[in-house]
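Working notes, beginning with the structure itself.
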Protein chains: 2
Amino acid sequence: MTTASLYMVDNCLLARISKKRFLEKANFNISGDFSSISDCILAMEKNQADVILIDSDLLDTNVYKEIELLKRINPKVKIIITSSFLNDFNPSNALCDGVSAYVLKEKEVIDYKEIIENVVHGEFHMDIETATEVFDNTTAEKEENFKNIPEKDNFESSLTQRELEVLKLMIDGKTNSQIAQEIIISTNTAKAHVGNILTKLSVTDRVQAVVKAVRANIFEEKCF
Amino acid sequence: MTTASLYMVDNCLLARISKKRFLEKANFNISGDFSSISDCILAMEKNQADVILIDSDLLDTNVYKEIELLKRINPKVKIIITSSFLNDFNPSNALCDGVSAYVLKEKEVIDYKEIIENVVHGEFHMDIETATEVFDNTTAEKEENFKNIPEKDNFESSLTQRELEVLKLMIDGKTNSQIAQEIIISTNTAKAHVGNILTKLSVTDRVQAVVKAVRANIFEEKCF
DNA sequence: TATGATAATAGACTTTCGGCTAAAATGATA
DNA sequence: TATCATTTTAGCCGAAAGTCTATTATCATA
């Protein structure tokens, strides 16, 4: 297995948790996960990762400038971008500026393991569909002036191990007292954990929480 | 579009609802949906359908005998079987006894539309994987003696239109009073609807209901 | 060691939920 | 018309949920 250290950027907390769990099962070393590239840059300035997995649906110039910053901090860092759209993808920004892989999220399951290992070994990866579409609209618009790094909009701290346990039981339809029995804590404690989960997931009740979690395919083997 | 009348058998209520919504969007005419083949037989004796979509994970001799009954009632009826496993599939029972299609449920999305239309036009459909596997273990064990048709185990009546509306709002994380506001009914009525939904889905609270519904991909465009 | 951040724990209080029973109004169908 | 399913309303009660505040435990770092 790869011993490379991985950073992960995804503005969706549950997506981070899900991917992290998945990759850690595959023996990858996730050194950090962030809700914004800005946060990732701050972390990179202290401890450098070998591979950075960036999920971003909006691939504007700001993103590429932030990626450029990442490459400046560690020119050897491998960047893997996953995105739902092709719209803003610009090969003159991505390919030339050192993105190692560009993966279009689709219905199919992404084989992160293979992509990461290939990238670590110096290969470039791009979806076939993506590649064909991309090499048509090569509208290169290089801008050298930097813009300010956007503030992180909605801060989502990560779920603790205990909270993940509780969330799993919530999805299983367990009540607070059932959860308490299962992991041997008081009902009040279970309620407190649930409350913290609701806050972190930015929802108001457990129904919304479990729907979000189930839709994010957390606790599942596959990784969207 | 096909004007053929369709019956549907699936012991999972939510799967029936989901498939029904999907097929009706595709302009198919679903004349009835049943939780057991026995119920379907009873219906066939009154009003005959042209196509019967049977989902059954356990394909034992009983199932094939029930299918034989269906074919007796209407020899021209087209039978489509969907199943998760290959285990009990027996070509000598299925192919010979007039099953028009056999579809192995997998990760991929099943194109019911195409299959049904082909079947109506007299074609036979079988998954490639299924077909190759099947034509190896041809253990023909024909038994002519009938067994009694199994009782329907857990009766699940279908959700009404209003209940489907409410379920959708439950999935959206709405509370009873919010649901009441949204569809202009009293909170008590909303509670009554929710209560009925819980009973019909065989769950004890709304959390379990929404998890079941989300996992069944109800209200989604795709049909597992 | 001290300190500060994070996590886990818990009790008090208010609101919401779910089960139960009952019943009226609507609408389709035999 | 009679009948049946659906939709609607209501109140009561105990259980569960959610908010708030607060204490203890753990762990890393100054």
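In what follows, chains carry the letters A, B, and so on, assigned in the order in which the sequence lines appear, proteins first and then strands, with residues in each chain numbered from 1.
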Those residues of residues 171-182 of chain B lying under 4.0 Å from DNA chain C by at least one heavy atom: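 Correct list: B/T175, B/N176.
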Just how far, in rounded Å, is [atom2] of [N] from [atom1] of [X]?
X      : N      : atom1 : atom2 : answer
B/I184 : D/dT7  : CD1   : C1'   : 15 Å
A/H193 : D/dA25 : NE2   : C1'   : 12 Å
B/E163 : D/dT8  : CD    : C1'   : 12 Å
B/L159 : D/dA5  : CG    : C1'   : 15 Å
B/I183 : D/dT6  : CD1   : P     : 16 Å
A/N196 : C/dT6  : CG    : C1'   : 11 Å
B/I185 : D/dT6  : CD1   : C1'   : 13 Å
A/R206 : C/dC17 : CZ    : P     : 12 Å

Ignoring the backbone of [X], work out which of [options] is nearest its side chain.
X      : options               : answer
A/K200 : C/dA7, D/dA17, C/dG11 : C/dA7
A/N188 : D/dG18, D/dT8, C/dA12 : C/dA12
B/R162 : C/dT9, D/dG18, D/dT7  : D/dT7
A/K191 : D/dT7, C/dC17, C/dA12 : C/dA12

Under-4.0 Å salt bridge between B/R162 and B/E165: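 Yes, this pair counts.
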Point-to-point distance, once rounded to the nearest 0.5 Å, from OG1 of B/T82 to CD1 of B/I54: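 Here the rounded value is 9.0 Å.
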N or O in side chain of B/S186 less than 4.0 angstrom from D/dT9 OP1/OP2: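 Indeed, a polar side-chain atom of B/S186 lies that close.
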Donor-acceptor contact below 3.5 Å, side chain A/Q208 vs main chain B/G173: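 Between the backbone of B/G173 and the side chain of A/Q208 there is a qualifying donor-acceptor contact (under 3.5 Å).
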Under 3.5 Å donor-acceptor, B/E182 side chain and B/I179 backbone: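 Checked: no pair found.
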Option passing side chain to side chain contact (heavy atoms under 4.5 Å, CB included) with A/R206 (candidates A/L201, A/V211, A/I197, A/N176):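 For A/R206, the side chain to side chain contact (heavy atoms under 4.5 Å, CB included) check succeeds only for A/N176.
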A/S35 versus A/N11, side-chain donor and acceptor atoms under 3.5 Å: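 No, no side-chain donor-acceptor contact under 3.5 Å.
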Determine the contact category for [X]: base if any of its heavy atoms lies under 4.0 Å from a base atom, sugar-phosphate if only primed atoms, P, OP1 or OP2 are that close, otherwise nothing.
X      : result
B/T204 : sugar-phosphate
B/T160 : sugar-phosphate
A/T189 : base

5' priority, DNA chain D, between B/D205 and B/Q161 [closest heavy atom]: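 The answer here is B/Q161.
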Verdict with supporting geometry, B/D10 and B/R16, salt bridge (charged side-chain N to carboxylate O under 4.0 Å, His left out): CA-CA 6 Å; B/D10 196 316; B/R16 285 204 304 281; 5.8 Å; no
